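This report concerns only the one structure given below.
The first residue in the sequence is number 1, and the count goes up from there. Computed from a predicted model, the values in this text were never measured in an experiment.
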Amino acid sequence: MRARTRLAAAALVAGLLTCAVDTADASGVGEWVRAEKADLRLVAATRAVGPGQETLRLGLHVRLEPGWKIYWRSPGTAGLPPALTWTDSTNLAGTVLRWPAPKRFELFGLQSFGYADEVVLPIEARLAEPGAAARLRAGVEYLVCRDICIPGSARVALDLGAGPPEPSPAGHLIDRFTGRVPVPAIAAGVTLAAETGNGALAITARADLPFAAPDLFVETAALSDLPAPRIALGDGGREARFVFAGVALPPGTPLTATLVDGALAIEGSATATAATRTLGAVLLIALLGGLILNLMPCVLPVLAMKVTGLAGLAGARPAAARLTLLATAAGVVLSMLALGAALAAVRAAGGAIGWGVQFQQPLFLAFMAALTGLFAFNLWGLFTIGAPRWAGGLAEAAPRRGLAGDLATGALATLLATPCSAPFVGTAAAWALTRGTGEILSVFAALGIGLALPWLALAAAPRLAGLLPRPGAWMIRLRAVMGVLLAGTCVWLLTVLAKQVGQEAALVTAAALAAAGIVLWLARGRRIALPAAAALALGAVILPGVTSPPRVIAASGSTAALAFSAEEAERRARGGETLLVDITADWCITCQVNKAMVLDRGEVAERLRSGAVAVMRGDWTRPDPAIAAYLARHGRVGIPFNAVYGPAAPQGIPLPELLTETTVLDAFSRARGSAQAAR
């Protein structure tokens, strides 16, 4: 009898234990496992696997004894992050471990990054058979440290049956720590730029909203340990500058930066660029860049302004010639300053900025098309305006046009030159646009002076203009040719406009400008001609603004291209592919030259067409925050921008603005790795 009673009691206890285990599993919460200085368990966001459910939201829940910590994915000076193995699990195809933002710990001057007290490491699990029950078993290896470090291990388990995917008691806990996983910097409106040199690494973060008490964790394969940064806030707290003293990295080193500021946690990448020593050095770079801008492909319409202006100075008195040249140079510098001030204002308002971004706006394109069209009509002799009228300064391109016309010529030359990003221009502009308003205006003034140097040089020796033939019949023919060049510029601007607002609206704009020219031709000399043409030109400017612009993918030339995604480029590179990222725009003339001279011809084109190197093309014809952030990560604010990715360069190898076949082929070899360099 006693034996039978004992047997019944044992069966009851076993049943209760079985119920307890079933209840724990049915709740989506695994059993606690005691290990070195910590308790661990596996939890799920739902109690069961729902019908057709393909993924599970899991979490490794760790509770640490007071004073002990475990490590982040990048532990710092020393340490090891937790590692999970999923042997003996069923219905599990794969897992992705997420890392909440870490805390910084310091011991004896050494930096380490990790978690104290309690943490949940979110896990995304893919099921081999969607909707079916899952048996989850994970081995956990970790290092726990205080004054000493102790390796620990545990085996956690969780069984989830098939059924309604009701929220589990651990769902809120998983959500809380998932909310601490850094989001992409672009999603939070944060841009990152890195500079290396002068014995330090400096990373500047800019945000739409002010920072409070930010910290930055930097990961790079080139260096495993960085000291704590010096942190300085500026621009009302919207700029945070982190300086890592004593850190020497070569320019071009890719970095991953995780910024933590209270509840904010963001992650982005940047490429370290060579630091400039002083503002004076940057101003010299900007001056040189502005001068080189005179030689870029976009200067053809600008050349029309220069030649016609200089032709009109033949035989002029030196004082008058000098005044004309100085006024044109002043127009260049003042318009460049106005562009810098506008970019500073847009940045202060939280907008994305960069070199040439005004060509992303349909209203600006329509205005420039109308302006170049009117200049062409004027060069063809369809109308003239007396110098005293301010409007004449905008349209008059002939000799004796007055100071207003000289200023307008300089301004138009500047605006037509800005689609090009010359060597040194991008370097100077990128440096300026991560600083304050004073630095922006100083650098843009230097760019303007560099662009105006040809006029300034002639102003210093105005008698050189006397070497040109005196005005005569040849000037009429020259003006007609220059008018054709400006008309071509107008047509090009209209084609870019068509990409943004659609062909119908662009054709209406073109028709309005053509009608203005016809009116000027038929009613030449009559008072009604100019007002009617001005009204038509104004309509040409306004029409695109009332049209809803569609998103258009940039033409990919002769090579099929992948849609732009920085993350996809890095993923493919790590998977063994080599690919060229081409950030372009229809308004970027240098981009088109790079395609015609390098990317669409010779051995480079052959590799792209054969598939040996894939092409990923990003269209910046219209504003795109993802592309703006990508450029900022590489220290650029303008295009063209090209980078080559591969197994040996998963973060990309940035290329110069002007491409050569040798440069591109060398980058292909470097990105692919030495083992295949000969291919």
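Of the candidates L226, V218, T271, V218 is the only one forming a side-chain contact (heavy atoms from CB on, under 4.5 Å) with L255.
For D208 and R238, the salt-bridge test fails: no basic side-chain N is under 4.0 Å from an acidic carboxylate O. Using a 4.0 Å cut-off between charged nitrogen and carboxylate oxygen, R206 and D235 count as a salt-bridge pair.
With sequence neighbours left out, T663 forms a side-chain hydrogen bond (donor to acceptor under 3.5 Å, both in side chains) with T660.
Side-chain contact annotation: T584 with D582, donor-acceptor N/O pair under 3.5 Å absent.
With contacts defined as side-chain heavy-atom distances shorter than 4.5 Å, the pair T77/S112 does not qualify. Contact annotation: the side chain of T273 never approaches that of T196 to less than 4.5 Å [non-hydrogen atoms, C-beta and beyond]. Between F641 and P654, some side-chain heavy-atom pair lies under the 4.5 Å cut-off. A heavy-atom distance below 4.5 Å is not found between the side chains of I203 and R241. Looking only at side-chain heavy atoms (C-beta outward), E219 and W72 come within less than 4.5 Å of each other. At a threshold of 4.5 Å between non-hydrogen side-chain atoms, the residues L599 and L659 count as touching.
Taking CG from D586 and CH2 from W492, the interatomic distance works out to 9.5 Å, rounded to the nearest 0.5 Å.
Scanning all heavy atoms of the two residues, the minimum distance from I627 to G618 falls at CD1-C, 3.8 Å.
A perpendicular orientation is assigned to the rings of F113 and F217, their planes being inclined by more than 60° (bins at 30° and 60°).
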